Engineer: 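Mind looking over this structure? Questions follow.
In this text the structure is predicted, and so the values were computed from the model without any measurement. Here is how names work: the chains are called A, B, and so on, in the same order as the sequence lines, proteins then strands, and each is numbered from 1.
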Amino acid sequence: GAVVSQHPSWVICKSGTSVKIECRSLDFQATTMFWYRQFPKQSLMLMATSNEGSKATYEQGVEKDKFLINHASLTLSTLTVTSAHPEDSSFYICSVLTGTTYNEQFFGPGTRLTVL
Amino acid sequence: GNSVTQMEGPVTLSEEAFLTINCTYTATGYPSLFWYVQYPGEGLQLLLKATKADDKGSNKGFEATYRKETTSFHLEKGSVQVSDSAVYFCALTEYGNKLVFGAGTILRVKS
């Protein structure tokens, strides 16, 4: 399967600042990546679908101006949390769609964001 | 819309006990079904999958069978270990490649 990395693995920032999270597909060229958010002890919530070379598709209720997604290349997607607030504190996980017969997704290790 | 329902946890077992985590789904077509495992502080790892009715997915001693008649995909393991302690997510994907996750079930295995 695809190997996916995320950077940073954890970040603490002050309220009002912006934070960029990178998702890299290390051994697979991914035209589609997904960004999820996970609250403590809860399931994953799909935030958006990131498509290489085009605009991301956001799920209902996700603010596109707050969570900026850029899929700059076939191996890199970034999520920028703009003007972060404490309620944005969460675990953010990306995944890569491999496009195999079973449309498997392989997940990154996640980024823990804490906004003070 | 599509949905996945998992049994609530936490599930607490002694080492070498038999494990069952129930999962049922609602889908309009013929989804692919997955079990993912999440260890503390980590992302999700694909545990096993099944893509059509009566398929059995298996990995690391875990098994799950795609039951179309009961719309279920229960996860089982004959003898759990302490290292199996984690959160287990049942999920499906249908059109558009989007994964729909269940709420997750915490498994705690005591030595």
Engineer: Find out if a path of hydrophobic residues (ILVMFWY) with successive side-chain heavy-atom gaps under 4.5 Å connects A/L76 to A/Y92.
Structural biologist: no

Engineer: Supply the atom-to-atom distance A/Q38 CD to B/F101 CZ, rounded to the nearest 0.5 angstrom.
Structural biologist: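 So the CD of A/Q38 and the CZ of B/F101 are separated by 9.0 Å.
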
Engineer: So what's closer than 4.5 Å to chain B heavy atoms on A/L44: side chain, backbone, both or neither?
Structural biologist: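 Both backbone and side chain of A/L44 come within 4.5 Å of chain B.
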
Engineer: Mind checking whether B/L47 and B/F34 sit in one hydrophobic cluster, side chains of I, L, V, M, F, W, Y counted as touching below 4.5 Å?
Structural biologist: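 No, because B/L47 and B/F34 fall into different hydrophobic clusters, even though each may have its own neighbours under 4.5 Å.
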
Engineer: Using the rule that two of Ile, Leu, Val, Met, Phe, Trp, Tyr join whenever any of their side-chain heavy atoms come within less than 4.5 Å, decide whether B/L75 and B/V100 are in one cluster.
Structural biologist: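 Yes; B/V100 is reachable from B/L75 via cluster members.
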
Engineer: For the residue pair A/F34 and B/K98, what are the closest heavy atoms and their distance?
Structural biologist: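 The pair with the smallest heavy-atom distance is CE2-CG, 4.5 Å.
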
Engineer: Side-chain heavy atoms under 4.5 angstrom apart, residues restricted to Ile, Leu, Val, Met, Phe, Trp, Tyr: same cluster for B/W35 and B/L46?
Structural biologist: no

Engineer: Is there a donor-acceptor pair closer than 3.5 Å between any side-chain N or O of A/S43 and the backbone N or O of B/G102?
Structural biologist: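 Flag set: sc A/S43 to bb B/G102 pair under 3.5 Å.
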
Engineer: Calculate, to the nearest 0.5 Å, the distance between atoms CG and OH belonging to B/L99 and A/Y36 respectively.
Structural biologist: 4.5 Å

Engineer: With a 4.5 Å heavy-atom cut-off, do B/Q38 and A/F91 have their side chains touching?
Structural biologist: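 B/Q38 vs A/F91: side chains touch.
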
Engineer: State whether the number of non-hydrogen atoms from other residues, nucleotides or ligands found under 6.0 Å of B/E16 atom CD is greater than 12.
Structural biologist: no

Engineer: Side chain, backbone, both or neither: which part of B/Y39 has a non-hydrogen atom closer than 4.5 Å to chain A?
Structural biologist: neither

Engineer: Give the cluster check for B/F89 versus B/M7: same hydrophobic cluster or not, with ILVMFWY residues linked at side-chain heavy-atom distances below 4.5 Å.
Structural biologist: no

